[in-house]
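Comments concern the structure below.
Reckoned from all heavy atoms, side chains included, excluding hydrogens, waters and symmetry mates.
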Amino acid sequence: MTLRKVNVVIILLLAIAFLIVVQRNLLNLSDILHLENPDAGQSLPFESELSPELGLEPVSKGEEISVLITAAEERLGAVVAAMNSIYQNSKANVVFTIVTLNDTVDHLNVWLSKTRLKDVKYKIVIFKPELLSGKMSKESQMLQDAQPLTFARFYLPVYLPEAEKAIYLDDDVIVQGDIQELYETNLKPGHAAAFSDDCDSASVKGIIRGAGNQNNYLGFLDFKKDAIKQLGMRANTCSFNPGVIIANLTEWRNQNITLQLEHWIELNSREDLYSKTLAESSITPPLLIVFYKRHSAIDPMWHVRHLGTTGAGKRYSPQFVKAAKLLHWNGHYKPWGRTSSFSNVWDKWFIADPVGKFIPVRKSPGDH
């Protein structure tokens, strides 16, 4: 063997020895580190949620869900029950905007702050009846004087200036589902609102005493009037109930929906466009006109209504009422009154008035 070959062998042996030494040192270091930090190399509880490199972001607070509801002094218990049902059935980031009159503010603040609703997020805004000044006929004005707040839904962008989407609810509702699901209702492109049609499969057609079958446009508008004729609307088109509205407020603003509604209020005051058989609020007709063939649909189970009409207790089974996501006691008989159907469902969400002004009327044991 030549000297040169001997040198190569020696160098190779030295290199192998060096690598063996390095490997042993690294193994020893690993053992030391493991003893100092026995959790190394293991996934700690919830580590995947906390580690950005694993591709998951921390749980966010959630998009704010704007819910607007009106609060009349004589119906304040209804507002509290509705809010409580929403609050208890959802973990969403719900913020209530409560539209009311000056004489109700103090009572409402006490009721919300002294009960289990003290942690609810809400803001109170004052409705100004002068918004309607000069826009309504004297007859309509007298009819609505006791209920000026019913027109608040026409002014959603005014009360929710920063919101892009919102839910409007009448006060005589109870929400049994997660309000997040209703909020996520898909509105078609160009639609400013979604309603529940009166011909849907969940709510039976509303038979209003003295008014006939009021589930189409003919029940709300006078199709003999030129202003209605010129619109080219079909009289047998299904009407909708505006007690639950999902509004795309960006579209609402862009289409000047509020101005359109005000136009029809004013025109009705001059030309008497509403149906003579109209038995309910004069709120619905202008909405039917403005949103004719231009509104999206709400899941029927998210607006089960007519619970305040005669025979509701026979129309719906207790099982169906329990399965409904939202219940609406539209009609004459309210769940805080003596003769309402399914008042026991409403009672579950009612919170007693801490100042004792609002007391639901209930049958005594001797009543039949």
Side-chain angles (χ1 to χ4, degrees), residues 70 127-158 168 170 190-199 205-245 247 251-297 305-306 309 330-332:
T70 59
F127 180 81
K128 297 181 178 179
E130 54 265 31
L131 282 172
L132 303 171
S133 179
K135 297 183 177 71
M136 302 177 65
S137 65
K138 290 183 179 179
E139 185 178 277
S140 296
Q141 187 66 57
M142 290 177 62
L143 179 65
Q144 295 300 333
D145 273 345
Q147 304 175 22
L149 295 171
T150 58
F151 288 91
R153 74 198 81 191
F154 287 8
Y155 299 93
L156 293 178
V158 175
Y168 166 84
D170 275 354
H191 286 181
F195 304 93
S196 188
D197 290 333
D198 288 327
C199 300
K205 297 176 181 179
I207 306 298
I208 300 174
R209 187 179 299 276
N213 196 340
Q214 200 160 6
N215 71 310
N216 57 34
Y217 273 50
L218 185 61
F220 292 89
L221 298 166
D222 187 347
F223 277 79
K224 295 179 181 179
K225 297 296 176 72
D226 288 339
I228 301 299
K229 286 181 182 179
Q230 292 169 7
L231 295 173
M233 300 185 300
R234 294 173 62 92
N236 63 351
T237 300
C238 284
S239 55
F240 54 76
N241 185 293
V244 177
I245 305 173
E251 285 290 345
W252 194 293
R253 296 183 186 97
N254 291 341
Q255 297 178 30
N256 292 316
I257 297 295
T258 297
L259 290 177
Q260 292 186 56
L261 293 169
E262 288 183 333
H263 165 74
W264 287 104
I265 295 175
E266 293 177 25
L267 194 60
N268 176 67
S269 70
R270 299 194 302 269
E271 301 184 17
D272 197 18
L273 304 176
Y274 302 165
S275 172
K276 296 297 187 296
T277 62
L278 184 64
E280 290 194 320
S281 169
S282 57
I283 287 294
T284 305
L287 288 163
L288 293 178
I289 295 171
V290 171
F291 288 104
Y292 178 73
K293 301 291 187 181
R294 298 180 62 193
H295 68 275
S296 298
R305 49 204 178 278
H306 307 310
T309 58
N330 62 309
H332 181 69

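- Between the side chain of S239 and the backbone N or O of N215, at least one donor-acceptor pair lies under 3.5 Å.
- We find the NE2-CD1 distance between H263 and I265 to be 11.0 Å, quoted to the nearest 0.5 Å.
- Counting only distance, with no hydrogens or angles, the side chain of N268 and the backbone of Y274 share a donor-acceptor pair below 3.5 Å.
- Pairing each heavy atom of E262 with each of Y155, the nearest pair is OE2-OH, 2.7 Å.
- A pairwise comparison of heavy atoms in M233 and Y217 identifies SD-CE2, 3.8 Å as the closest pair.
- Heavy-atom minimum distance, A192 versus F291: CB-CE2, 4.0 Å.
- In this structure a side-chain-to-backbone donor-acceptor pair under 3.5 Å is present from Y292 to R234.
- Evaluated for a side chain to side chain contact (heavy atoms under 4.5 Å, CB included) with L261, the options L287, N256, I283 yield exactly one hit, L287.
- For E271, there are no side-chain hydrogen bond (donor to acceptor under 3.5 Å, both in side chains) partners two or more places apart in sequence or in a different chain.
- Under a 3.5 Å cut-off, the side chain of H295 and the backbone N or O of F195 do not form any donor-acceptor pair.
- Between H306 and N330, the closest heavy-atom pair is N-OD1, 2.5 Å.
- In terms of heavy-atom proximity, Q255 sits nearest to Q260 at O-NE2, 2.7 Å.
- A distance of 4.5 Å separates CG of D170 from CZ of R153, quoted to the nearest 0.5 Å.
- Residues D198 and F240 come closest through the heavy atom pair OD2-N, 3.4 Å.
- Here the CD1-CG distance, from I289 to L221, works out to 5.0 Å after rounding to the nearest 0.5 Å.
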